Amino acid sequence: MRQSDRLSRIPPYLAFEIDRKKREAIAAGIDVIDLGVGDPDRPTPDFVVEAMTRAIRDPRNHTYALGAGVREFRQAAVDSMARRFGVQLDPMKELVPLIGSKDAIAHLPLAFVNPGEHVLIPDPGYPAYISGCILAGGVPWPMPMSEETGWLPCLREIPSAVTDSARMLYLNYPNNPTGAVATLSFFREAVAFARERDILLVHDAAYIDTWFDEPAPSVFQVPEARQCAIELHSLSKSYNMTGWRIGFAVGNAEAIRHLAFVKSNVDSGPFKAIQWAAAEALAETDGTSTRAMNDLYRRRRDLLVAGLAALGVRASLPRGAFYVWARCPDGVDSLTFANRMLEQAAVTVIPGVGFGAAGEGWFRMGLTVPEDRLREAVERMRKVL
Ligand SMILES: Cc1ncc(COP(=O)(O)O)c(C=O)c1O
């Protein structure tokens, strides 16, 4: 069947072949250690599941989440922004509930980008930024990042012909795939850059609760961000709720209004029972759940980074998110390396080139498997390397 031009412009998923081989190996009964996934292995906290169980029995939650949706969810979300980042937001005008942060990544370009206009995208970065941009007719402009710059893009190096036609700038910290965490001074620079050029700054904060040394900042800790930015929050990674599909966007009231307008034409908001359960999660004021997960990921990170170092594989020490971003040994390209790991060690890793050209020479391993499996993965890699 004929597909639209915009679909054919979406770049192929480079790790597709590895994915296929992984599924074949598992079907053939091989014990594959899958470090390729970005999905927490721990369950959603009990108190959230219990809140959902109560909410789902209430017929008032069985209807469309039209209008404001569940006001208590909005309030719990702005309260948590105030508690964690000292940022005061209007729950009605400066927030919209999301069906996961990917919801906004797909829909924001429809509200802000005309065909042919640019969207500035981190390279390496989460591939959905590119697809969302292309689906809206926009042109992605990769901003190469490197270890030398702490995996922060050099905004001033983007040609003015591109920034003149750029409508959106994506940032993502804690960063997938590199584990970098941005400083407030970088956010200040990015906010000034976006304001000078009238670009919408979109900070994808899907991993903002997952940090190891110091809390990851919100872009709204820069007061002027209110004038030019929107920030995407998600309960997927923070509360092990990937399958539930719940998050929220906060920020510039006009940007929120335009995003809400697109969404009102596409979906009718997240299921109300899920909003109630998410409100319960966000109201956990002492941070018990996120702290427990961060302690777990920190132990896994230290184990894996040390294990890789013993093999002579250098990793960029992640400060947040739950991935280890490591250098392919012996100058081998990332697809070849990932294939070799799967075929010879039965360990799945994601080749860095799958996150963009600047990811070549690197690979990503997830911290979403127990410590004994990580040890086993390192041992298997040792035999191959
Ligand atoms: C950087 C980044 N942003 C957004 C998402 C989407 O998360 P969700 O839609 O579950 O909130 C992911 C998922 O892996 C991600 O890695």
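Please read these numbers as outputs of a predicted model, since none were measured by experiment. Every number for a ligand or one of its atoms is a count from 1 in the order of the listing.
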Does an N or O from S236, backbone or side chain, lie closer than 3.5 Å to an N or O of ligand 1?
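Yes; the residue has a nitrogen or oxygen that sits under 3.5 Å from a nitrogen or oxygen of the ligand.
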Would you say N172 has any N or O atom under 3.5 Å from an N or O of ligand 1, going by distance alone?
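N172 vs ligand 1: no N/O contact under 3.5 Å.
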Test ring pair (Phe, Tyr, Trp, His ring centres under 6.0 Å) applied to F363 and Y323, F337, F355, the passing residue:
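So, applying the ring pair (Phe, Tyr, Trp, His ring centres under 6.0 Å) to F363 and each of Y323, F337, F355, only F337 qualifies.
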Name the one of Y239, F220, F248 that satisfies ring pair (Phe, Tyr, Trp, His ring centres under 6.0 Å) with H233?
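Of all the options given, the one that passes is F248.
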Taking only non-hydrogen atoms of T242, do any sit less than 4.0 angstrom from ligand 1?
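Flag not set, T242 not near ligand 1.
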Give the atoms of ligand 1, by number and element, whose distance to some non-hydrogen atom of [X] is under 4.0 Å.
X	answer
S234	8 (P), 11 (O)
K102	9 (O)
Y207	1 (C), 2 (C), 14 (O), 15 (C), 16 (O)
G100	9 (O), 11 (O)
A206	3 (N), 4 (C)
R245	8 (P), 9 (O), 10 (O)

What's the verdict on side chain to side chain donor-acceptor pair (under 3.5 Å) for S334 and E360, showing C-alpha distance, side-chain angles and the deciding distance?
CA-CA 6 Å; S334 60; E360 186 50 284; 2.8 Å; yes
Please work out whether the ring planes of W325 and W362 are parallel, tilted or perpendicular, with thresholds of 30° and 60°.
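Ring orientation, 0 to 90° scale: parallel.
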F322 vs Y297 aromatic rings, parallel, tilted or perpendicular, using cut-offs 30° and 60°?
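F322 vs Y297 ring planes: tilted.
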For [atom], grab the closest protein heavy atom and report residue, atom and distance to one decimal in Å.
atom	result
atom 12 (C) of ligand 1	Y126 CZ, 3.4 Å
atom 14 (O) of ligand 1	K237 NZ, 2.7 Å
atom 1 (C) of ligand 1	D204 OD2, 3.3 Å

Heavy atoms, side chains only, cut-off 4.5 Å: are M341 and M365 in contact?
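Sidechains of M365 and M341: no contact.
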Compare all side-chain heavy atoms of M168 with those of P109 and state whether any distance is below 4.5 angstrom.
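They are in side-chain contact.
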Would you mind checking if D267 and R245 are paired as a salt bridge, meaning a charged N to carboxylate O distance below 4.0 Å?
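Salt bridge between R245 and D267, a charged N being under 4.0 Å from a carboxylate O: no.
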Is ligand 1 under 4.0 Å from a heavy atom in the side chain of S101, in the backbone, in both, or in neither?
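Both backbone and side chain of S101 come within 4.0 Å of ligand 1.
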First locate atom CG of L135, then atom CG of L7, and finally report the distance between them rounded to the nearest 0.5 Å.
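Interatomic distance, L135 CG to L7 CG, rounded to 0.5 Å: 6.5 Å.
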